[in-house]
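The structure appears below as C-alpha cells.
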Amino acid sequence: MIEKNFVFEPKHTVNLTDGSICWQSPSNIALVKYWGKTEPQIPKNSSISFTLTNCHTTTTLHYSPKKIPSRSFDFKVFFEGEEKNSFRPKIESFFNRILDYVPFITDFSFRIETENSFPHSSGIASSASGMSALALCLMSLQKRMDPHLSEADLLQKASFLARLGSGSAARSLEGPLVVWGQHPDVIGSSDLFGIRYPGEIHEVFGTFHDTILLVDKGVKQVSSTVGHNLMVDHPFAEARFDQAQNNMSRLMPILKTGDLDGFIDIVEKEALSLHAMMMTSDPYFILMKPNTLEIIERIWAFRKSSKCHICFTLDAGANVHVLFPHKDKELVDEFIRTELASFCENNQFISDHAGSGAKSASS
Ligand code: DP6
C-alpha cells in the first residue's frame, strides 16, 4: 500500500445535504514505544499498543455543504460544550496534511463537537483518541459520499489519516493490540497506518488491565512533538530504533505463549529506554517526578512479595500505567488503593483495560 492509494477518487458520488456523524475512539498505551519520526509522520521504528476502553474521546461532526464554494477550511470546534478556539491550529494543520486524501473537506462547513471521558487536566494525552475519532468521522463522511467503500478500507484509511494528525492515533481504531510501523516479522505492518496485531494472542492478553496513576496532572513541559524531534542527531538514536525493532521480535512469541515474565521484562525496559532517550537528548529533560520513581519501586517490591504479574509502563509524562493480568486483579486493586493512590494527585487513578477499538455512535 502506498500513499497515493489513499487519494479519494470516487466513481460516482452521492450529493449530501446537512447531517452528522459520531464516533467514540479510545486512547492506547504502547508496549514497544514510538519515539522518533521523519516527515510525514513516518516512525523510525515499529510500535505496538494495547487499545484501551474507558479512556476515550467522543466526537460529533456536523456537516453542511457550503453554499458558496471555497478552497478554505470552514469549521468551528467545541470542547465539552464550549467553543474552543485554542484547538483550531491543531485541526487546521491536520486538515492541511490530509487535504490531498480527502479533498472534499473544503466542500463543507463543519461543527466539530468533542468530549473526553477522562478529566481534562489529567496528564492523559487526548491526541490519540481525539485524532482517531475525527479521522473516523471524516471517513464516514467519505462513505456517505461513496457508499461502496468497505468497512476494512474505511478503517485502514482512517488510521492513515489519524497518523497524519498524531502518530499514536494510528493505533487507536481496533483492538486489543495494534502495530504501527513496518517490521519484517509482522505481516502486513506498515509505516502508513496501524493494523490489528496479526499474530496469535494468548487469552491472558485479551483481558489485560491498565490502571493509570495520575501522578502529575499538569501540562507537560516538553511536548511529544518536540521530544520526537530531539531524536534527530541523538547520539543513541540508531541503537534505540534497533532495540525497539528487536523488542517487537521478542514480544511476538511472548504474546503467543502468555509468558508474563517475558512480557514484564520487555515492557518495563521499553518504558525506561524511552525516558532514557529524553534524559540524554540535547537539550535533556526529565518527565518523571519523584512519585513516579516511588511508585516504580513499590511495584517492584510488591511483585517480589506477592508473585503477582504486575508491571509498569510510562508514556511521555509522569503518570504511571500499571499493567496486570485479570487473575491478579483483586490483589493489585487493593495494592493500588492502599499503597499507590497516595502518590497520585488528589489520590486519583483511572481503571482501564484492553478493548476492541473505536465505535460508531451515529444514530
Ligand atoms: C511516548 O503520537 O503523541 O506516547 O506523532 O508527534 O503526535 P506525535 O506524537 P505522539 O507520540 C507518542 C509517544 C509515546 C509513545 C507511543 O505512544 O508509542
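In each ligand, atom 1 is the first atom listed, and ligand 1 is the first ligand listed. Side chains are part of it too, since the values below use all heavy atoms of this structure and drop only hydrogens, waters and symmetry mates.
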### Task
For Ala30, take its heavy atoms, then give the atoms of ligand 1 lying under 4.0 Å from any of them.
16 (C), 17 (O), 18 (O)

### Message
Is the contact between Leu274 and ligand 1 made by the side chain, the backbone, both, or neither, using heavy atoms and a 4.0 Å cut-off?
### Response
side chain

### Message
Tell me the protein heavy atom at minimum distance from atom 15 (C) of ligand 1, and give that distance in Å.
### Response
Tyr34 O, 3.4 Å

### Message
Less than 4.0 angstrom from a charged side-chain N to a carboxylate O is my criterion; do Arg111 and Glu83 meet it?
### Response
no

### Task
Decide whether Gln142 and Lys157 meet the rule of one side-chain donor and one side-chain acceptor closer than 3.5 Å.
yes

### Query
Short list, please: which atoms of ligand 1 are under 4.0 Å from a heavy atom of Thr225?
6 (O)

### Query
Do ligand 1 and Gly167 have nitrogen or oxygen atoms that lie under 3.5 Å from each other?
yes

### Message
Looking at Lys289 and Glu345, is there a salt bridge between them, counting it only when a charged N and a carboxylate O are closer than 4.0 Å?
### Response
no

### Summary
Ranking Ser27, Ser168, Gly181, Ala316 by closest non-hydrogen atom to atom 2 (O) of ligand 1, top hit is Ser168

### Task
Give the residue, atom name and distance (to 0.1 Å) of the protein heavy atom nearest atom 4 (O) of ligand 1.
Asp315 CB, 3.8 Å

### Task
Validate the cation-pi geometry between Arg163 and Phe160: distance from NZ or CZ to the six-membered ring centre under 6.0 Å, angle to the ring axis within 45°.
yes

### Query
Under 4.0 Å from ligand 1, counting heavy atoms only, is it the side chain of Ser166, its backbone, both or neither?
both

### Query
In terms of residue, atom name and distance, what is the protein heavy atom nearest to atom 9 (O) of ligand 1?
His228 NE2, 3.0 Å

### Task
Please state whether the rings of Phe302 and Phe335 are parallel, tilted or perpendicular, taking 30° and 60° as the class boundaries.
parallel

### Message
Under the rule for salt bridge (Lys or Arg N to Asp or Glu O under 4.0 Å), what residues qualify as partners of Lys76, not counting sequence neighbours?
### Response
none

### Summary
Of all protein heavy atoms, the one nearest atom 6 (O) of ligand 1 is Lys37 NZ, 2.8 Å

### Query
Are a donor atom and an acceptor atom from the side chains of His309 and Lys327 found within less than 3.5 Å of each other?
yes

### Query
Nearest to atom 17 (O) of ligand 1, what protein heavy atom do you find, and at what distance?
Arg171 NH2, 2.8 Å

### Query
Got a second to check how far Thr38's OG1 is from Met231's CE, nearest 0.5 Å?
12.5 Å

